[in-house]
Q: 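This is the structure, below, for whatever I ask next.
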Amino acid sequence: MNWTQIKRLARGLNLPSIHEDTRADGFPCLRAHGRLWTWWDETLGAPGFRLPSGERDFLIASDPEAFFVTDAEAAFNHVLARPELLDPLWVRGNLSLSWRALAPALFTRLFPGEGPPVPEFMEH
């Protein structure tokens with residue numbers, strides 16, 4: 001999957017409060033509710049994703065060929081992926097879950113029971 005395909009998939013979720021932006025390091029990204037949601041690391045040619053606290057090590061252990069982390073991302077609940085090994089269903093699930101986790105409390109109150117439980121992302 002390339003960045004265009006990931007953006008298309010993300011926009012296809014029809015979730016509100018999504019916009020295209022650029023990270024401080026110049027990498028293109030999508031923001032959900034004004035916060036970093038997913039991005040493309042142009043140096044590595046790899047997409048990045050937010051994860052719930054504690055999930056990254058499990059994800060990397062389950063598929064070390066597809067998922068990895070760099071020193072720059074290690075302090076955050078982020079993971080990078082090799083685009084040629086990404087499963088679009090995983091991307092869709094991750095984006096849905098992370099959008100919900102980033103949503104203001106109002107969204108989860110308006111839509112109780114919609115989707116999986118809301119994970120918490122620890123910010124560093």
Side-chain angles (χ1 to χ4, degrees):
M1 296 189 75
N2 61 37
W3 181 234
T4 300
Q5 291 169 318
I6 291 170
K7 288 190 303 184
R8 187 176 306 126
L9 190 151
R11 295 216 180 267
L13 296 173
N14 295 316
L15 299 169
S17 299
I18 302 300
H19 72 276
E20 224 169 309
D21 201 1
T22 304
R23 287 181 14 157
D25 55 15
F27 296 152
C29 70
L30 290 176
R31 295 189 183 275
H33 312 287
R35 297 174 62 199
L36 182 64
W37 187 34
T38 187
W39 64 97
W40 187 263
D41 184 317
E42 292 180 337
T43 305
L44 299 171
F49 301 94
R50 295 182 76 117
L51 294 172
S53 180
E55 187 175 309
R56 182 176 61 204
D57 290 343
F58 171 77
L59 185 63
I60 292 172
S62 71
D63 194 349
E65 295 297 317
F67 299 101
F68 65 101
V69 68
T70 64
D71 290 341
E73 303 295 342
F76 304 97
N77 292 319
H78 297 166
V79 71
L80 295 159
R82 289 176 181 82
E84 68 277 7
L85 300 177
L86 262 180
D87 179 346
L89 290 175
W90 182 89
V91 173
R92 183 181 182 86
N94 171 270
L95 292 177
S96 296
L97 187 65
S98 59
W99 179 90
R100 187 168 165 80
L102 293 170
L106 172 63
F107 281 92
T108 55
R109 284 196 306 270
L110 287 174
F111 303 102
E114 295 286 325
V118 179
E120 290 191 21
F121 293 126
M122 295 177 60
E123 298 290 333
H124 293 275

Q: Are W40 and L36 connected in a single hydrophobic cluster, I mean Ile/Leu/Val/Met/Phe/Trp/Tyr linked by side-chain heavy atoms less than 4.5 Å apart?
A: no
Q: Using residues 59-69 as the side-chain source, report each donor-acceptor pair under 3.5 Å to any protein atom, sequence neighbours left out, with the distance given to one decimal.
A:
| unit_1 | atom_1 | unit_2 | atom_2 | d |
| --- | --- | --- | --- | --- |
| S62 | OG | F58 | O | 3.4 |
| S62 | OG | L59 | O | 2.8 |
| D63 | OD1 | A66 | N | 3.4 |

Q: May I ask you to list the residues sharing a hydrophobic cluster with F27, side-chain cutoff 4.5 Å, ordered by chain and number?
A: none
Q: Taking all atoms of both residues into account, what is the closest heavy-atom pair of P83 and G45, and its distance?
A: CG-O, 3.3 Å
Q: State, with a plain yes or no, whether a side-chain heavy atom of R50 is found less than 4.5 Å away from one of L102.
A: yes
Q: Between T38 (side chain only) and G48 (backbone N and O only), is there a donor and an acceptor less than 3.5 Å apart?
A: yes
Q: Is there a continuous path of hydrophobic side-chain contacts, each under 4.5 Å between heavy atoms, that joins L85 to L51?
A: no
Q: Between W37 (side chain) and S98 (backbone), is there a donor-acceptor pair under 3.5 Å?
A: no
Q: I would like to know whether N94 and V79 meet side-chain contact (heavy atoms from CB on, under 4.5 Å); could you show each step before the answer?
A: CA-CA 11 Å; N94 171 270; V79 71; over 6 Å; no
Q: Using ring-ring contact (aromatic ring centres under 6.0 Å, His included) as the criterion, list what pairs up with H33, not counting sequence neighbours.
A: W99, F107
Q: Go through the steps for L9 and M1 under the test side-chain contact (heavy atoms from CB on, under 4.5 Å), then give the verdict.
A: CA-CA 10 Å; L9 190 151; M1 296 189 75; 3.8 Å; yes
Q: Does any pair with a residue in residues 6-25 pass salt bridge (Lys or Arg N to Asp or Glu O under 4.0 Å), and if so which ones, sequence neighbours excluded?
A: K7-E20, R11-E20, D21-R31, R23-D25, R23-E73
Q: At their closest point, which heavy atom of A46 faces which heavy atom of L80, and how far apart are they?
A: O-CD2, 4.3 Å
Q: Can you run down the salt bridge (Lys or Arg N to Asp or Glu O under 4.0 Å) pairs that involve residues 83-93, sequence neighbours left out, and say none if there aren't any?
A: none
Q: Restricting to side chain to side chain donor-acceptor pair (under 3.5 Å), what partner residues turn up for W39, sequence neighbours left out?
A: none
Q: Restricting to pairs with a member in residues 53-62, which pass salt bridge (Lys or Arg N to Asp or Glu O under 4.0 Å), not counting sequence neighbours?
A: none
Q: For residues E42 and P28, report the shortest heavy-atom separation together with the two atoms involved.
A: OE2-CD, 3.4 Å
Q: Might you point out which heavy atoms bring T4 and N2 nearest each other, and give the distance in Å?
A: N-OD1, 3.1 Å
Q: Taking all atoms of both residues into account, what is the closest heavy-atom pair of P47 and I6, and its distance?
A: CB-CD1, 3.4 Å
Q: Mind telling me whether W90 and F49 have parallel, tilted or perpendicular rings, with 30° and 60° as the class edges?
A: perpendicular
Q: Taking all non-hydrogen atoms of both residues, which atom of I18 and which atom of L15 are closest, and how far apart?
A: CG1-O, 3.4 Å
